[in-house]
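Single-structure report; data block below.
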Amino acid sequence: MQIITSVSEMMSLAGRLRAEGGRIGLVPTMGALHEGHLSLVKIAKDRGSLVVVSIFVNPTQFGPSEDFTKYPRPLEADLAACQAAGVDYVFTPSPEEIYPKGYSTFVLEEHIAKPLEGASRPAHFRGVTTVVAKLFNIVRPHFSVFGQKDAQQVAVIGKMVVDLNFDVEIVVAPTLREADGLAMSSRNRYLTHTQRVEALVISRALRKAAEMVAAGERRVDRLIAEATHLIGQQRRVRIIYVSIVDRLTMEAVKGEITPGKSVMAIAAWVDEVRLIDNEIL
Ligand code: AMP
């Protein structure tokens with residue numbers, strides 16, 4: 001496994017691999033890797049391609065009062081996990097390498113990025129689309145794997161790829177969960193035992209909604225009311241949003257859902273830890 005920190009080195013390597021006929025699969029991450037990330041690596045490997053994992057805590061996708069500085073950066077453990085997972089190349093640039101002094105160009109998706117995460121984290125997707133566009137240009141992947149855990153990110157990146165004519169296939173991986181249902185997340189390591197127990201209500205609310213749909217419920221108001229009611233029972237959990245949206249456009253579904261096409265998306269504070277999760281209904 002080769003570790004690359006410079007943009008120019010990564011670009012010449014990508015050019016060489018492509019010239020030799022290699023297929024490149026990119027898994028973009030912010031590190032603090034868990035089984036969810038590694039499931040994305042496995043999907044990339046199973047496609048028989050060379051796998052590049054990027055590890056970059058992207059400053060432009062964090063708001064001024066968010067956890068950029070305290071975001072976990074266990075690089076040694078991450079590299080060991082990548083090595084064990086059979087990753088070929090880890091690209092882990094510094095912020096100055098990606099955003100040199102005077103950097104001033106950003107990529108903005110102006111529709112899908114607006115609600116949900118975009119409403120509560122205004123500059124978030126501008127940072128995401130910018131860094132992913134740069135990663136696509138630097139790593140030149142044939143395909144890139146993203147987790148359904150970040151449903152809106154998947155929709156925004158999918159749109160960016162179409163709108164900006166990136167020749168990159170977007171592969172979407174299912175959300176990996178702990179045995180008790182909690183969606184795996186790098187931010188879970190911020191949770192105390194008590195907070196973690198209360199955080200379980202988020203996945204429980206999503207499961208309940210899925211069960212209601214399986215039992216024939218279609219009404220958005222009833223599904224949201226039940227999820228909201230469940231979450232409201234936990235003292236430490238404060239809802240940021242509970243929404244049912246179209247899985248491609250992220251527009252709120254009105255009236256009734258169409259099974260398979262709608263997503264219930266939840267964001268909540270568990271004390272000071274912000275978690276998101278979603279379920280396709
Ligand atoms: P992050 O490091 O949080 O930026 O995540 C990197 C990639 O891993 C994103 O495409 C996420 O959607 C994906 N990911 C994060 N958590 C999970 C999970 N529990 N299951 C599957 N994919 C995940």
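On a predicted model such as this, the values are computed, not experimentally measured, just so you know. Atoms within a ligand are numbered from 1 in the order they appear, just like the ligands themselves.
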Closest approach of any protein heavy atom to [atom], naming residue and atom:
atom                    : result
atom 11 (C) of ligand 1 : Asp150 OD2, 3.1 Å
atom 20 (N) of ligand 1 : Leu176 N, 2.8 Å
atom 15 (C) of ligand 1 : His34 CE1, 4.0 Å

Check: Parallel, tilted or perpendicular for Tyr99 and Phe56, by the 30°/60° rule?
Finding: tilted
Notebook entry, point to check: Does any N or O atom in Ala173 lie less than 3.5 angstrom from one in ligand 1, N or O only?
Noted result: no
Next item on the list: Report yes if some N/O of Thr175 lies less than 3.5 Å from some N/O of ligand 1; otherwise report no.
Entry: no
Atoms of ligand 1 close to [X] [distance to a heavy atom under 4.0 angstrom, numbered from 1]:
X      : value
Phe146 : 10 (O)
Pro28  : 6 (C), 7 (C)
Gly147 : 9 (C), 10 (O), 11 (C), 12 (O), 13 (C), 22 (N)
Met184 : 16 (N), 17 (C), 18 (C), 19 (N)

Notebook entry, point to check: Would you say Ala32 touches ligand 1, if touching means a heavy atom closer than 4.0 Å?
Noted result: no
Notebook entry, point to check: Is there a heavy atom in Glu35 that sits closer than 4.0 Å to ligand 1?
Noted result: no
Notebook entry, point to check: Around atom NZ of Lys45, are there more than 12 heavy atoms of other residues, nucleotides or ligands at under 6.0 Å?
Noted result: yes
Item checked: Heavy-atom nearest option to atom 9 (C) of ligand 1, drawn from Lys149, Glu178, Gln153 -> Gln153
Note to self: Before you tell me yes or no, could you show the steps for Gln153 and Phe125 under side chain to side chain contact (heavy atoms under 4.5 Å, CB included), namely the whole-Å CA-CA distance, both residues' side-chain angles and the distance that decides it to 0.1 Å?
What the structure shows: CA-CA 8 Å; Gln153 174 168 280; Phe125 284 117; 4.1 Å; yes
Note to self: Ignoring hydrogens, what is the shortest heavy-atom contact between Met1 and Leu79? Give both atom names and the distance.
What the structure shows: CE-O, 3.4 Å
Check: Closest approach of Leu50 and Asp88, non-hydrogen atoms and distance?
Finding: CA-OD2, 3.4 Å
Note to self: For Asp271, is there an ion pair with Arg238 - N to carboxylate O distance below 4.0 angstrom?
What the structure shows: no
Residue part near ligand 1, for [X], under 4.0 Å between non-hydrogen atoms:
X      : value
Met30  : both
Leu40  : side chain
His37  : side chain
Arg177 : neither
Pro174 : backbone

Check: Any side-chain donor paired with an acceptor under 3.5 Å for Glu251 and His111?
Finding: yes
Note to self: Is it true that Gln195 and Tyr190 share a donor-acceptor pair across their side chains at a distance under 3.5 Å?
What the structure shows: no
Note to self: Please tell me whether Phe146 and Phe143 form a close aromatic pair, meaning their ring centres lie under 6.0 Å apart.
What the structure shows: no
Notebook entry, point to check: With a distance cut-off below 6.0 Å to the six-membered ring centre and an angular limit of 45° from the axis, does Arg16 pair with Tyr89 as a cation-pi contact?
Noted result: no
Check: Yes or no on side chain to side chain contact (heavy atoms under 4.5 Å, CB included) for Arg274 and Ile240, after CA distance, side-chain angles and deciding distance?
Finding: CA-CA 9 Å; Arg274 191 181 188 284; Ile240 302 166; 3.6 Å; yes
